[in-house]
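Counting starts at 1 for both ligands and their atoms, following the listed order.
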Amino acid sequence: MTTIADKLQEVRTRIDAACSAAGRAPDAVSLLAVSKTFPAEMVARAALAGQRAFGENYLQEAVEKMSQLGEAGLSNLEWHCIGPVQANKTRLVAEHFDWLHTLDREKIARRLAEQRPAQLAPLQVCIQVNVDGGANKAGVAPSEALALARVVAALPGLQLRGVMSIPEPAPDFESQRALHLKARAVFDQLRAAGLPGAERFDTLSMGMSNDLEAAVAAGSTMVRVGSALFGQRAARAG
Ligand SMILES: *Cc1c(COP(=O)(O)O)cnc(C)c1O
């Protein structure tokens with residue numbers, strides 16, 4: 001039987017091989033374990049195997065898991081919101097998460113800044129960029145990323161950390177890499193802009209179970225991996 005510890009090791013080996021192929025240090029890329037739809041018990045097993053950072057898409061589900069894990073004595077995990085956030089749900093993000101990867105609107109940024117409790121560290125924020133131009137996809141256009149980054153960098157309670165993207169699935173390594181390079185270009189542009197707090201602008205969140213090698217080749221610093229760790233997700237009702 002393959003355990004979560006084995007799966008973590010397998011994915012880490014893939015990341016290390018991709019780093020080595022790209023001439024990058026293995027510790028240049030961190031692993032976010034995407035635990036959406038999986039029960040707290042599986043998060044606990046991954047945590048006991050050494051994984052600390054977890055990504056969740058559905059806010060209510062995530063908050064329930066956090067409280068179950070807290071009761072089980074696992075309150076030192078790092079929680080990343082990687083799903084879309086509606087304006088009426090920002091409080092859940094502000095009060096419970098360490099990171100938000102999917103910021104794409106000024107209105108959401110302002111609400112989060114207002115609602116982030118003062119006793120918590122600033123919310124670590126990535127701006128989601130829509131690199132394929134899909135009209136009904138989340139994310140700002142690459143040309144709008146800098147303007148939003150300036151807003152975030154100036155707000156209290158938020159720390160601008162980088163850029164995130166979810167490109168459409170592409171059939172092969174080269175076409176995956178080409179899309180990831182578009183997000184990389186935005187990341188480089190924002191990093192060069194000298195925004196306040198720029199010394200902490202260090203995160204390019206891209207790459208999932210099926211394309212992490214291409215993402216690492218394009219400069220990803222954080223891959224978000226779900227199914228390769230936890231197995232196929234059941235279709236989600238509602
Ligand atoms: C579900 C999800 C992932 C993980 O996808 P896998 O293909 O299961 O690795 C990564 N990022 C985001 C934004 C997701 O919604």
Give me the nearest non-hydrogen protein atom to atom 14 (C) of ligand 1 as residue plus atom name, then the distance to 0.1 Å.
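Answer for atom 14 (C) of ligand 1: Lys36 NZ, 3.0 Å.
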How far is atom 10 (C) of ligand 1 from its nearest protein heavy atom, and which residue and atom is that?
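Protein heavy atom with the smallest distance to atom 10 (C) of ligand 1: Met208 SD, 3.1 Å.
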Should the pair Trp79 and Phe54 be assigned to parallel (<30°), tilted (30 to 60°) or perpendicular (>60°) ring geometry?
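Correct class here is tilted.
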Atom indices of ligand 1 within 4.0 angstrom of [X] heavy atoms, with elements:
X	result
Ile166	13 (C)
Val225	9 (O)
Asn57	14 (C), 15 (O)
Arg224	4 (C), 9 (O), 10 (C), 11 (N), 12 (C), 13 (C)

Test of understanding: given a 4.0 Å heavy-atom threshold, classify the contact between Thr102 and ligand 1 as side chain, backbone, both, or neither.
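No part of Thr102 is near ligand 1 at this cut-off.
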With Glu56, which of Lys65, Lys36, His80, His96 fulfils side chain to side chain donor-acceptor pair (under 3.5 Å)?
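For Glu56, the side chain to side chain donor-acceptor pair (under 3.5 Å) check succeeds only for Lys65.
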Considering Ser209, Ala138, Gly83 one by one, which has a heavy atom nearer to atom 6 (P) of ligand 1 than any of the others?
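Among Ser209, Ala138, Gly83, the closest heavy atom to atom 6 (P) of ligand 1 comes from Ser209.
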So does Glu41 pair up with Arg45, basic N to acidic O under 4.0 Å?
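Salt bridge flag = yes for Arg45 with Glu41.
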One thing to verify: whether Glu174 and Arg177 come together as a salt bridge, which I'm taking to mean a side-chain N less than 4.0 angstrom from a carboxylate O.
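Glu174 and Arg177: salt-bridged.
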Testing the 3.5 Å rule here: is there a donor-acceptor pair between the side chains of [X] and [Y]?
X	Y	result
Arg224	Ser205	yes
Thr3	Asp6	yes
Gln115	Thr90	yes

Could you go step by step and tell me if Val216 and Arg24 meet the side chain to side chain contact (heavy atoms under 4.5 Å, CB included) rule?
CA-CA 9 Å; Val216 169; Arg24 303 178 61 199; 3.8 Å; yes
His101 near ligand 1, heavy-atom distance under 4.0 Å?
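Under 4.0 Å: no for His101.
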Examine Ile82 against ligand 1 and note whether any of their N/O atoms are separated by less than 3.5 Å.
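Between Ile82 and ligand 1, no N or O pair is found under 3.5 Å apart.
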Ligand 1 and Asn210, any nitrogen or oxygen pair closer than 3.5 angstrom?
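No, there is no polar N/O contact under 3.5 Å.
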